[in-house]
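Quick notes on the structure that follows.
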Amino acid sequence: MHKIITMQFLLYILIYPLLWLISIVPFPILYFISDGVYVLVYYIIGYRKKTVRENIILAFPNLSDKERLVIEKKSFHHLCDMFLEMSKTMTISREEMNKRFVFTNMQTYLDLEKKGKSIALLIAHYGSYEWSISMNHHINFLGFGIYKKIANKYFDKLVRDIRSKFKAQLITTKETKPTIEQNKINNILGVYGFVSDQTPRRSDAMHWYSFLGIDTPIHIGAETLAKRYNMNVVFLKVRKVKRGYYEATYEVLSEEVQLVPNYKISEDFMNRVEQQIYEAPEFYLWTHKRWKHKKID
């Protein structure tokens, strides 16, 4: 155990200075670096290229190989941009963030807060989903981001510290239900961010939906918790305007969750993610094995 902790710390002290240096460079230089990282990641390392290619073929069977290749390359370019933009959150100012990640209808969200119920915020791995944490500078509720704990405890603490800069409290998937439960008991209103468009574990694959024309197991945890604790549900649609600039729009999915048929909210969310992808597929995170589970009839 001591040896593992030592290795984790050594890795941290080697990588942290590089991340910090990246975070302080001007954006034009950041994207110059990103262009170089793209060449390394795509052409030399070939990071998950096979997975990305297989996913795009499944999602867009009617496109030509040339058209799919364009999406593939653009998606890797965006992936590199997004990774460096994540590093930028270490030192970016509030003013700069507000200029680059704009909420088009914040009043829609604030009107939901006035309803006096906690909010489940559903987000996709699309655009700059990491920068959505900047919403915490504009809201009144406590913000909780649900994430998968990082194995390296030093990097895990770094991520938590960065999020706290934006007034966001990170909770692991295991901590989610107890946190919501405790906040409910203590009459604490919160907004809980669920990034819920990736593949659930086989044991959690309780509901299937046709996503991008393919039978797909989908997460229903956000909907289940929203119904259990009577939360309003909203989808945050993120659009990439141009390199380094994004717009986010709140779309209310339900204000009366307990009246909505089971799975309808989860399906509605996935349908909206699907629409985003069809509009601009290059900004979706294709590196995960999205269709690794097959439906058993």
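A side-chain N or O of H77 and one of D35 form a donor-acceptor pair less than 3.5 Å apart. Neither side chain, S93 nor E96, offers a donor N or O lying under 3.5 Å from an acceptor on the other.
Crowding of Q107 atom CD: a count of heavy atoms from other residues, nucleotides or ligands under 6.0 Å exceeding 12. Residue-environment remark: NZ (K177) stays at or below the threshold of 12 foreign heavy atoms within 6.0 Å. The neighbour count for Y278 OH, taken as heavy atoms of other residues, nucleotides or ligands under 6.0 Å away, is above 12. Other residues, nucleotides and ligands contribute over 12 non-hydrogen atoms within 6.0 Å of the NZ atom of K240. For OH of Y12, the number of neighbouring non-hydrogen atoms (other residues, nucleotides, ligands) closer than 6.0 Å is greater than 12.
The minimum heavy-atom distance linking S266 with H219 is given by the pair OG-O, 3.6 Å. Closest of all the heavy-atom pairs between E223 and I265 is OE1-N, 3.7 Å. The two residues L122 and L253 have their closest heavy-atom pair at CD1-CD1, 3.9 Å. Scanning all heavy atoms of the two residues, the minimum distance from W291 to A59 falls at CH2-CB, 4.2 Å.
A salt bridge is defined here as a Lys NZ or Arg NE, NH1 or NH2 lying under 4.0 Å from an Asp or Glu carboxylate O, and E72 with R68 fails to meet this definition. R100 has no carboxylate O lying under 4.0 Å from a charged side-chain N of D81, or vice versa, which leaves the two without a salt bridge. Using a cutoff of 4.0 Å between basic side-chain nitrogens and carboxylate oxygens, K264 and E267 are not scored as salt-bridged.
At a threshold of 4.5 Å between non-hydrogen side-chain atoms, the residues L79 and Y42 do not count as touching. Looking only at side-chain heavy atoms (C-beta outward), S118 and Y229 stay at 4.5 Å or farther from each other. Between N232 and K115 there is a side-chain heavy-atom pair separated by less than 4.5 Å.
Remark: R290 is not positioned above the aromatic ring of Y284, lacking an NZ or CZ atom under 6.0 angstrom from the ring centre and at most 45 degrees off the axis. For the pair K88 and F27, the cation sits on the ring face: its NZ or CZ lies under 6.0 Å from the ring centre, inside 45° of the axis.
Ring geometry for Y246 against F101 counts as tilted: the plane angle lies between 30° and 60°, on a 0 to 90° scale. Classified by interplanar angle (parallel below 30°, tilted 30° to 60°, perpendicular above 60°), the ring pair F144/Y192 is parallel. The aromatic rings of Y43 and Y38 sit perpendicular, their planes meeting at an angle over 60°, well past the 30° parallel limit.
Between L21 atom CG and M90 atom CE the span is 9.5 Å, to the nearest 0.5 Å. With rounding to the nearest 0.5 angstrom, the CD atom of E251 is 9.0 Å from the CG atom of L236. Interatomic distance, CE of M82 versus NE2 of H125, reported as 8.0 Å (0.5 Å rounding). With values rounded to the nearest 0.5 angstrom, I29 atom CD1 is found 12.0 Å from I22 atom CD1. Between the CZ atom of R48 and the OG1 atom of T287 there is a distance of 5.5 Å, given to the nearest 0.5 Å. Taking CZ of R239 as the reference point, atom CD of Q276 lies at 11.0 Å (rounded to 0.5 Å).
Of the possible donor and acceptor atoms, none in the side chain of D156 sits under 3.5 Å from a partner among the backbone N and O of K149.
Side-chain rings of Y250 and F103 approach one another, their centers coming within less than 6.0 Å.
Each of V257, T176, V233 was scored for a side chain to side chain contact (heavy atoms under 4.5 Å, CB included) with L225, with one residue passing: T176.
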